[in-house]
Chemist: 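Here it is, the structure, as structure tokens.
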Amino acid sequence: MKICVIGTGYVGLVTGTCFAETGNDVTCVDTDKSKIDRLQKGEVPFYEPGLGELVTRNVGEGRLRFSTAVDSGISEAVISFICVGTPSSSDGSADLKAVEAVAEQVGKAAPKGAVLVLKSTVPVGTAEECTKILNSMKRADIHVVSNPEFLREGTAVQDCLIPDRIVIGTLDMAVSALLRELYSPFVRTGHPVFAMDHKSAELTKYAANALLALRISFMNEISMICEKEGADIANVREAIGADHRIGPQYLFPSVGFGGSCFPKDVRALTAHAREIDVEPRLLQATLDVNEAQKQAFVGRVLRHFGGEASAKGKRVAIWGLAFKAKTDDIRESPALTVIDGLLAAGMKLHVFDPVANANAKVVYGDRLTYASSTYGALEGAAALCVLTEWNQFRHPDFGKIKSTLASPVIFDGRNLYDPQALKKLGFTYYSIGRPPASN
Ligand code: UGA
């Protein structure tokens with residue numbers, strides 16, 4: 001099948017590459033020339049495990065190409081996938097300018113009877129809006145499908161090739177069959193394909209992200225109660241996760257959820273609900289708890305040092321800047337909120353992330369000191385904050401940490417370590433939803 005993917009971010013590049021991997025002829029287009037230049041040179045513009053090899057192979061075998069010629073890419077394709085960004089507007093709602101502009105381009109350039117697939121995360125009603133745009137351009141022959149994406153950064157290739165489910169939002173049987181055919185190699189092991197109307201498909205995406213975010217905020221709120229009561233969130237998590245009705249996923253308490261999706265999408269659904277006179281109580285609480293969780297981490301660090309005045313000028317090491325492991329993405333990373341809070345209190349921060357230092361440098365410049373090694377960040381620091389659950393932070397050399405830090409104090413935002421073991425080693429150890437451990 002001839003496919004054009006518009007937008008080469010995580011979703012577009014991964015989706016396009018996976019379609020090429022299953023034998024389709026794919027052109028990925030983007031107006032960002034520097035991105036396309038890099039892709040044409042064989043460089044993936046962001047860190048995503050496994051993607052580079054797949055891109056190289058499919059480009060090499062002639063099934064995948066990159067171009068800034070958006071119109072010509074669209075004009076040759078049976079299906080055009082819109083994978084452009086839908087950033088938050090100032091009121092939290094999704095900004096649809098890019099989506100609508102691409103819909104117009106599809107209206108101008110697509111061949112007769114083409115299919116326009118909305119893969120960008122878009123509010124309920126967007127497929128309808130795009131249909132209106134096309135109708136106003138006398139392009140009622142183009143079918144609009146809402147086909148949300150559920151891949152996670154860090155495991156995007158795997159998630160795309162073996163998705164839990166595919167959602168196809170169109171009531172047109174022929175178009176639905178075409179999409180089923182395209183996705184059939186990915187769902188051979190029996191993963192379901194759900195066909196539904198546009199609006200349900202659009203809402204499915206937001207509801208999935210909001211429910212996952214809500215579970216995290218729920219656990220973070222329970223972790224606050226655990227801390228006050230001296231209970232252990234790990235015990236609670238394991239025991240409730242064993243209930244089949246609840247399940248173990250997305251129950252890990254943390255310094256807060258981040259990334260380019262959960263915060264933005266929960267905000268957008270909140271704003272959308274208000275627009276249509278539905279009070280989004282749970283959605284708003286999900287956001288509020290998340291914000292409070294990030295601030296609570298800052299408060300814990302400052303309290304340890306005796307408050308803002310005495311924390312001023314002290315040096316702290318930070319391990320992890322990315323919003324989660326296996327990505328260099330720092331968008332809405334909880335690490336940024338922690339860094340902002342500690343910088344505002346006048347602390348000096350030495351940071352290390354295996355892949356995200358460069359992205360943090362773009363935001364913070366010389367306001368941070370960037371270490372080139374895990375232990376390098378610790379020298380002379382009065383404490384270590386662990387903010388991303390990178391595997392290499394899970395079993396560190398605690399002897400080395402202790403001898404390199406100026407004082408043996410760890411604030412763990414991901415609950416990577418055993419409080420009793422750290423206490424025995426002579427650390428003062430703070431984590432999420434567990435009583436602090438110290439001698
Ligand atoms: C999320 C969804 O999981 C994907 O299904 C969806 O396709 C994607 O958004 C999107 O809309 O594009 P992603 O943002 O890559 O994927 O990251 P997740 O792995 O879901 O993690 C999100 C945040 O929640 C991270 O900050 C992570 O550290 C945090 N988290 C996750 C927790 O704090 N606790 C958990 O138990 C799980």
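In each ligand, atom 1 is the first atom listed, and ligand 1 is the first ligand listed. Side-chain atoms are counted along with the backbone in the values below, which use heavy atoms only and exclude waters and symmetry mates.
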Chemist: So which protein heavy atom does atom 15 (O) of ligand 1 come closest to, and at what separation?
Modeler: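 That would be Glu153 N, 2.7 Å.
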Chemist: Would you say Gly258 and ligand 1 have an N/O pair spaced under 3.5 Å apart?
Modeler: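 It does: an N or O of Gly258 is found under 3.5 Å from an N or O of ligand 1.
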Chemist: Polar-atom distance check: Phe323 versus ligand 1, any N or O pair below 3.5 Å?
Modeler: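 Yes, since at least one N or O of Phe323 sits under 3.5 Å from an N or O of ligand 1.
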Chemist: What atoms of ligand 1 come within less than 4.0 Å of a heavy atom belonging to Asp265?
Modeler: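 Near Asp265, the atoms of ligand 1 are 11 (O).
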Chemist: Using the ring of Phe81 (Phe, Tyr or Trp, six-membered ring only), decide whether Lys119 places NZ or CZ under 6.0 Å from its centre and within 45 degrees of its axis.
Modeler: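 The answer is no; the distance or angle limit is not met.
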Chemist: Report, as yes or no, whether the 6.0 Å neighbourhood of atom CD on Glu100 holds more than 12 heavy atoms from other residues, nucleotides or ligands.
Modeler: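 Buried by this count: over 12 neighbours within 6.0 Å.
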Chemist: Does Leu251 approach ligand 1 within less than 4.0 angstrom via side chain, backbone, both or neither, non-hydrogen atoms only?
Modeler: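 Leu251 to ligand 1: backbone contact only, side chain stays beyond 4.0 Å.
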Chemist: Considering only protein heavy atoms, which is closest to atom 6 (C) of ligand 1, and at what distance to one decimal place?
Modeler: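 Going atom by atom, the protein heavy atom closest to atom 6 (C) of ligand 1 ends up being Leu151 O, 3.2 Å.
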Chemist: In the protein, which heavy atom is nearest to atom 31 (C) of ligand 1, and how far is it?
Modeler: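 Result: Ile216 CD1, 3.5 Å.
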Chemist: Taking heavy atoms and a distance under 4.0 Å, where does Met219 meet ligand 1: side chain, backbone, both or neither?
Modeler: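 None of Met219 does.
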Chemist: Given Tyr206, Tyr10, Phe257, which has its nearest heavy atom closest to atom 24 (O) of ligand 1?
Modeler: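 Among Tyr206, Tyr10, Phe257, the closest heavy atom to atom 24 (O) of ligand 1 belongs to Phe257.
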Chemist: Specify the protein heavy atom at minimum distance from atom 21 (O) of ligand 1: its residue, its atom name, and the distance to 0.1 Å.
Modeler: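 Sorting protein heavy atoms by distance from atom 21 (O) of ligand 1 puts Lys324 CD, 4.0 Å first.
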Chemist: Quick check against the 3.5 Å criterion: does Asp265 have a side-chain atom that pairs as donor or acceptor with the backbone of Thr121?
Modeler: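 Answer holds: no.
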Chemist: Among all protein non-hydrogen atoms, which one is nearest to atom 10 (C) of ligand 1, and what is the separation to 0.1 Å?
Modeler: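 Answer, as residue, atom name and distance: Cys261 SG, 2.9 Å.
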Chemist: For ligand 1, is there an N or O atom under 3.5 Å from any N or O atom of Phe150?
Modeler: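 There is such a contact, yes.
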Chemist: Using ring centroids (six-membered ring only for Trp), state whether His304 and Phe411 fall under 6.0 Å.
Modeler: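 Yes - the distance between ring centres of Phe411 and His304 falls below the 6.0 Å cut-off.
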Chemist: What atoms of ligand 1 come within less than 4.0 Å of a heavy atom belonging to Glu149?
Modeler: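 Counting atoms of ligand 1 from 1, those under 4.0 Å from Glu149 are 7 (O).
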Chemist: Whether Arg165 engages the ring of Phe150 as a cation-pi pair (distance to the six-membered ring centre under 6.0 angstrom, angle to the ring normal within 45°) should be assessed.
Modeler: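 Yes; both conditions hold, so Arg165 lies above the ring face of Phe150.
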Chemist: Determine, using ring centers only, whether Phe19 and Tyr183 are less than 6.0 Å apart.
Modeler: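 Yes, close enough.
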Chemist: Got a donor-acceptor contact below 3.5 angstrom from the Ser373 side chain to the Gly376 backbone?
Modeler: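 The answer is yes, because a donor-acceptor pair under 3.5 Å joins these two groups.
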Chemist: Ring centres under 6.0 Å, that's the criterion: do Phe398 and Tyr417 meet it?
Modeler: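 Ring-ring flag for Phe398/Tyr417: true, centres closer than 6.0 Å.
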Chemist: Identify the heavy atoms of Val255 and Leu387 that sit nearest to each other, and give their distance.
Modeler: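 Result for this residue pair: CG1-O, 4.1 Å.
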Chemist: Name the one of Thr131, Val115, Ile82, Val117 that satisfies side-chain contact (heavy atoms from CB on, under 4.5 Å) with Val144?
Modeler: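 The side-chain contact (heavy atoms from CB on, under 4.5 Å) with Val144 is passed solely by Thr131 among Thr131, Val115, Ile82, Val117.
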Chemist: How far is atom 33 (O) of ligand 1 from its nearest protein heavy atom, and which residue and atom name does that atom have?
Modeler: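 Result for atom 33 (O) of ligand 1: Ser254 OG, 2.7 Å.
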Chemist: Which residue holds the protein heavy atom closest to atom 36 (O) of ligand 1, what is that atom called, and what is the gap in Å?
Modeler: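 Going by distance alone, atom 36 (O) of ligand 1 is nearest to Phe252 N, 2.9 Å.
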Chemist: Any chance the rings of Phe352 and Trp319 have centres within less than 6.0 Å?
Modeler: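 No, the ring of Phe352 stays outside the 6.0 Å limit from the ring of Trp319, centre to centre.
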Chemist: Looking only at protein heavy atoms, which one is nearest to atom 28 (O) of ligand 1, and how far off is it?
Modeler: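 The protein heavy atom lying closest is Arg414 NH1, 2.7 Å.
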Chemist: Of all the heavy atoms in Lys205, does at least one lie under 4.0 Å from an atom in ligand 1?
Modeler: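 Contact present.
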Chemist: Any N or O on Tyr250 sitting closer than 3.5 Å to an N or O of ligand 1?
Modeler: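 Checking ligand 1 against Tyr250, an N or O pair does fall under 3.5 Å apart.
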